[in-house]
Every structure is written in structure tokens, then in C-alpha cells.
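Every number for a ligand or one of its atoms is a count from 1 in the order of the listing. Just so it is clear, the structure is predicted and the values come from calculations on it, not from any experiment. For the numbers below, each heavy atom of this structure counts, side chains included, while hydrogens, waters and symmetry mates do not.
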Amino acid sequence: MTMAGATAAKIAKKSFAPFAFFAFSIPVALSCSTPSSPAPSTPAATSTTPAVPAPQPVRVLMLTATAGFRHDSIPAARAAVAAIAARSGEFVAAPTEDLAELNPARLAVVDVVMFALTSGELPLGDAQKRALIDFVNGGGGFVGFHSATDTLYEWPDYGRLVGAYFKEHPWTQAATVAVEDRAHPTTSGLGASFSLTEEFYTFRENPRTSVHVLLTLDPASVGAQGDFPLAWTQTIGRGRSYYNALGHFDQTWNDARFQLQIAAAVRWAAGR
Ligand SMILES: [Zn+2]
């Protein structure tokens with residue numbers, strides 16, 4: 001090798017070394033990119049595969065505030081609703097006694113407002129009352145249980161929302177509840193009738209003319225005569241209202257037949 005040749009070889013070695021490395025790396029890069037080239041599209045494909053996204057759980061604001069009679073079953077009611085929510089995964093319930101939560105900003109992130117065992121003239125301001133009515137009219141759901149009808153007598157719009165006002169409870173005993181609408185989702189699985197021990201309500205006015213009746217008390221089972229609706233639904237504006245007069249005792253909240261109705265009522269009121 002001449003001097004010049006050796007220099008040229010050195011130069012060549014120096015200058016081609018990167019190429020050599022590059023040339024080496026190309027097949028490596030190719031061999032890497034060949035199997036990995038579908039890889040970027042694979043995650044993209046799988047990310048678009050679930051065309052039906054899991055529905056977000058229904059958001060329930062559960063109010064148990066009282067300004068009159070306070071039921072001993074409030075803790076049982078809260079526990080039952082929490083248990084149903086956890087078991088089904090279909091809804092999340094935020095129990096509260098803070099009336100300040102009835103405001104437009106809070107209701108904007110709620111699907112269903114539940115009045116469970118509320119009572120008396122809850123001190124709501126005009127803006128809060130407007131917020132609740134606007135919420136339901138705008139497509140929200142309202143669910144009331146038991147003494148939700150023994151609540152806010154002095155606010156007629158609330159009376160229309162819940163469907164009736166409590167009059168008295170002549171019968172606290174075991175009795176038969178007739179399922180008047182067996183096709184409604186909230187009565188599914190109840191059969192034609194069921195018996196339980198409850199404090200059975202009557203109302204100042206029979207709501208039948210303005211609501212869709214789901215359950216009635218079988219008057220013969222308490223030795224009475226008449227029409228005694230116990231649960232009903234209404235559509236109000238673009239929203240939905242459900243009421244069920246049962247819920248006086250802890251045992252009712254722990255009763256599987258009542259829990260079925262709670263879960264279905266939340267679902268129905270949310271428009272699911
Ligand atoms: Zn009661």
C-alpha cells in the first residue's frame with residue numbers, strides 16, 4: 001500500500017465508517033420497522049373498536065333534609081341507595097342534607113334529584129326553587145320517596161312536581177300492594193301484587209287524574225274501600241318525575257322488592 005493509498009484508506013475508513021454504521025442500521029431499522037409498522041395502526045384500530053362507549057353512571061343528588069317529622073329510617077335509606085349504586089354500577093348517589101346544593105351550578109352536573117324522607121317547609125330561596133323546577137323542565141329527573149309528599153306544602157310547584165301532598169297514614173300494618181302497571185320498568189319483577197308491612201299514606205287529593213299510577217293499596221287488605229295510589233310517574237316539561245309512598249321502615253329500604261324499584265326509578269328518571 002502506498003502512503004497515499006494508506007491515507008486514502010484511513011480517510012475512507014473514517015469517512016465511510018458512519019455509512020457502514022448507517023448501512024448496518026438500515027436493515028436493523030427495516031427489520032424493526034417491518035414488524036412494528038402495523039403496530040402504530042393496531043392501537044389506533046383497537047381504540048376505535050369500542051364503538052359503544054360504556055354509559056356514564058347516573059348522578060343522583062339524594063336529599064334527606066327534614067324540617068318536620070324525621071324518619072328513623074333515613075340512615076337505612078342512605079345505606080340502601082349507596083349499596084344499590086355500588087352493586088349495579090349504574091348510578092352514583094351523593095347524599096346530602098345541605099339545601100345549598102340545590103343551585104344551578106350543582107344541578108348542572110346531576111341527572112336525578114332524589115327527595116328521600118324529606119319533610120316540612122324546607123327553607124329554600126326563590127332562586128333554589130327556580131333551579132329545581134328548571135332542572136326538571138330542562139330534562140332532569142326527580143324521584144321522591146315516602147314523606148317527599150309531606151314536604152313543602154306551601155310551594156305549589158313542588159306539589160305538582162311530586163304529584164300529591166300527604167294527608168294521613170291510617171294504616172300501619174301488613175297489607176297488599178297491587179301492581180297496576182306491570183309493564184313499567186320500575187315494577188318489573190314485582191308480579192301482580194306483593195305484601196309488606198308499611199305505613200300506608202293517603203293524599204289530600206287523589207293524584208290519579210294528573211299522574212300515571214303504578215302501585216295502589218289493595219283496600220280490602222286494610223278493610224277499606226276506595227282508590228289509594230301509592231306510586232306514580234309524570235312527565236314534566238322535558239323531564240320525568242317518579243314518586244313512591246313506601247319507605248317508612250328500615251325493613252322496606254332493605255327489601256329486595258323495594259330496592260328493585262329504587263334502581264329502576266333512578267334509571268327511568270334519568271331517561272336511561
Ligand atoms: Zn313514615
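Under the 4.5 Å side-chain criterion, counting only non-hydrogen atoms from C-beta, R204 is in contact with Y153.
Counted by atom type alone, H146 and Y201 present one or more donor-acceptor pairs between their side chains at under 3.5 Å. Judged purely by distance below 3.5 Å, without hydrogens or angles, the side chains of E198 and T252 pair a donor atom with an acceptor atom. Residues E101 and T96 bring a donor and an acceptor atom of their side chains to less than 3.5 Å of each other.
For the pair W232 (side chain) and N244 (backbone), a donor-acceptor distance under 3.5 Å is absent.
A ring pair (Phe, Tyr, Trp, His ring centres under 6.0 Å) with F115 holds for exactly one of Y243, Y158, Y242, F145; it is Y158.
Counting only distances under 2.8 Å, and ignoring water, the protein N, O or S atoms around the Zn ion (ligand 1) are H71 NE2, H146 NE2, E199 OE1, H248 ND1.
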